[in-house]
Participant: 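The following block contains the structure, expressed as structure tokens.
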Amino acid sequence: MSPSTLRRAAIAAALALAAGGLAACGDDDDGGGSSTSSSSGEAKQIALLLPESKTTRYEAKDRPAFEAKVKEICENCEIIYSNADQDAAKQQQQAEAAVTKGADVMVLDPVDSASASGIVNRAKQSDIPVISYDRLVTDAEIDYYISFDNEEVGKLQGTSLLEALDGGDGKSIVMINGSPTDNNAKLFKAGAHSVLDPSGVKIEKEYDTPDWSPDKAQQEMDQAITSVGKDKIDGVYAANDGTAGGAIAAMKGAGMDVTKIPTTGQDAELAAIQRILAGEQYMTVYKAITPEAEAAAELAVAIAQGEEPPSGLVNGEVDNGSGMIPSVLLKPVAVTKENVKDTVVKDEFVEVSELCAGEYAADCKAAGIE
Ligand code: GAL
């Protein structure tokens, strides 16, 4: 095997692992010897457009993993990076700037899944292929889509919450969903409802949280506590760790014992895992972002160089309203106190030295993390 074939096989294997049963994996490597690295000719420009910086994943994980992978496999590639700080108009301008700079491919994680079709149309005018990254751009002719199984994320959250509530029948919860302009948030919500609705749990209040803002989630929870009553809330569905943090702060502020009120989350942020170890948050959803970002980098480099995607990478298709989009779909994992050690710690998604610092040392010890 050539080094590039080996590398592809390794990535395909990692993805197959991450994607579990979903991966249509096989060892049908094309063996065509086409290399993903190139050292001659004009530099290839790869635009990476991320949506926001309040959720820690984007700057701390997606960006560095993507950049490192591109650097590793393509000497001759340059990255045009931008972060839209949750502003769809700003993202539109950043995309325009990337087109002007001569992007050969655009990796786009949209702030607004619907209005980003304008960005895709603009890219297409200049013959720039677009990879929809993590969030689906709807009703637009994107070339590829890479994400986790997002309905599954919602199902994991809902199922965990019901487990923590002894099945949920007769219990009362508040639902704090994500941003109404993020297609993923719709899928998380749909997945969660698919398990919560038939369970007999009572959804007392439900909110969509603009911009995924933790502050707004806190206000929503304050409002729910006032209207439902602080003794009548048994659990909280929060769509990600940022909104979970807001909801938990509101409950603490109202004098509620958050160790008795299970709250869900997503993203396995450091602060959330610490809350889980301390018993303040019940669960999070771990999405192995490095393989997601690396797959996007592999795909982007191949496309920028006018090649086919590495074999084994694309493992499904998703309907975005304009057609079936070849997709790379990865598998999310539910994390509670019981498996922090065997998931995010084992994968070094979080640093033990950071996780177990200061007041969390004892909680780490109790969870067998040292
Ligand atoms: C979603 C993403 C999540 C989370 C959230 C908040 O689209 O899939 O991982 O980060 O946005 O920005």
Side-chain angles (χ1 to χ4, degrees), residues 10-11 13-20 50 52-69 71-72 134 148 152-153 156-157 159-161 163-164 212 214 236 238-249 252 257-297 330-370:
I11 293 243
L15 272 167
L17 246 185
L50 295 184
E52 55 124 330
S53 44
K54 271 200 181 170
T55 306
T56 56
R57 60 169 286 184
Y58 300 105
E59 291 299 327
K61 303 239 185 262
D62 296 79
R63 178 186 182 180
F66 184 90
E67 289 180 343
K69 192 64 182 177
K71 218 172 177 178
E72 180 196 326
D134 196 72
F148 287 81
E152 178 64 17
V153 170
L156 289 173
Q157 295 168 321
T159 307
S160 293
L161 186 59
E163 270 163 24
W212 286 95
V236 178
N240 78 348
D241 290 334
T243 51
I248 290 168
K252 280 184 165 177
D257 181 357
V258 293
T259 63
K260 302 222 161 61
I261 304 161
T263 299
T264 63
Q266 168 182 194
D267 284 335
E269 290 191 358
L270 182 69
I273 299 169
Q274 289 175 326
R275 288 194 296 264
I276 289 173
L277 292 176
E280 297 189 337
Q281 181 173 326
Y282 182 65
M283 65 88 71
T284 185
V285 177
Y286 168 41
K287 304 193 295 193
I289 290 162
T290 303
E292 186 187 23
E294 290 185 348
L330 300 108
K331 193 173 157 55
V333 175
V335 174
T336 59
K337 206 187 264 188
E338 278 61 51
N339 65 345
V340 167
K341 188 180 173 192
D342 295 329
T343 53
V344 289
V345 169
K346 187 166 152 242
D347 282 10
E348 295 175 10
F349 188 78
V350 290
E351 291 276 346
V352 171
S353 61
E354 283 182 66
L355 180 64
C356 303
E359 55 177 311
Y360 296 101
D363 297 324
C364 274
K365 212 166 173 204
I369 303 164
E370 275 166 294

Participant: Heavy atoms only: give me the nearest Asn339-Ala334 pair and the separation to one decimal.
Facilitator: ND2-O, 3.0 Å
Participant: Starting from the C-alpha separation in whole Å, work towards a yes-or-no answer on side-chain hydrogen bond (donor to acceptor under 3.5 Å, both in side chains) for Glu52 and Thr55.
Facilitator: CA-CA 7 Å; Glu52 55 124 330; Thr55 306; 2.6 Å; yes
Participant: Is there a side-chain contact between Glu292 and Asp62 (heavy atoms, below 4.5 Å)?
Facilitator: yes
Participant: Before giving the answer on salt bridge (charged side-chain N to carboxylate O under 4.0 Å, His left out), spell out for Lys61 and Asp267 the whole-Å C-alpha distance, their side-chain angles and the decisive distance to 0.1 Å.
Facilitator: CA-CA 11 Å; Lys61 303 239 185 262; Asp267 284 335; over 6 Å; no
Participant: Search all heavy atoms of Ala239 against all heavy atoms of Trp212 and return the closest pair with its distance.
Facilitator: CB-CZ3, 3.7 Å
Participant: Apply the side-chain contact (heavy atoms from CB on, under 4.5 Å) test between Val333 and each candidate in Val344, Thr343, Asp342; give the one that qualifies.
Facilitator: Thr343
Participant: Might you point out which heavy atoms bring Ala268 and Ile273 nearest each other, and give the distance in Å?
Facilitator: O-CD1, 3.4 Å
Participant: Report the distance from atom CG of Asp363 to atom CZ of Arg275, rounding to the nearest 0.5 Å.
Facilitator: 13.5 Å
Participant: Closer than 4.0 angstrom, basic N to acidic O: yes or no for Glu67 and Arg63?
Facilitator: yes
Participant: Going by heavy atoms in the side chains, are Val236 and Pro262 under 4.5 Å from each other?
Facilitator: no
Participant: Quick one: CG on Leu355 to SG on Cys364, what's the gap to the nearest 0.5 Å?
Facilitator: 4.0 Å
Participant: Quick check: closest heavy atoms across Pro291 and Leu330, and the distance to 0.1 Å?
Facilitator: CB-CD2, 4.0 Å
Participant: Of all heavy-atom pairs between Tyr360 and Ala278, which one has the smallest distance, and what is that distance?
Facilitator: CE2-CB, 4.2 Å
Participant: For Glu294 and Ala65, which heavy atoms make the closest approach, and how far apart are they?
Facilitator: CG-O, 4.3 Å
Participant: Atom OG1 in Thr56, atom CD in Glu269: separation rounded to 0.5 Å?
Facilitator: 3.5 Å
Participant: Any Lys/Arg nitrogen of Arg57 or Asp134 sitting under 4.0 Å from an Asp/Glu carboxylate oxygen of the other?
Facilitator: yes
Participant: Side chains of Pro214 and Thr243: does their closest heavy-atom pair fall under 4.5 Å?
Facilitator: no
Participant: For the side-chain hydrogen bond (donor to acceptor under 3.5 Å, both in side chains) test, which of Thr263, Asp241, Asn240 pairs with Thr284?
Facilitator: Asp241
Participant: Applying side chain to side chain donor-acceptor pair (under 3.5 Å), which residue pairs with at least one partner in residues 345-358 are found, sequence neighbours left out?
Facilitator: Tyr286-Asp347
Participant: Please examine the side chains of Met283 and Val285, heavy atoms only from C-beta on, and report whether any two atoms are closer than 4.5 Å.
Facilitator: yes
Participant: Can you name the side-chain contact (heavy atoms from CB on, under 4.5 Å) partners of Glu152, sequence neighbours left out?
Facilitator: Asp149, Lys155, Leu156, Pro332
Participant: Any heavy-atom pair between the side chains of Val340 and Ile276 that's under 4.5 Å?
Facilitator: yes
Participant: State the CD-CD distance between Gln274 and Gln281, to the nearest 0.5 angstrom.
Facilitator: 11.5 Å
Participant: Checking the side chain of Lys341 only, and the main-chain atoms of Gly368 only, is there a donor and an acceptor separated by less than 3.5 Å?
Facilitator: yes
Participant: For the atom pair OG1 (Thr336) and CD (Glu163), what is the distance rounded to the nearest 0.5 Å?
Facilitator: 8.5 Å
Participant: To the nearest 0.5 Å, how far apart are CD in Gln157 and OH in Tyr282?
Facilitator: 13.5 Å
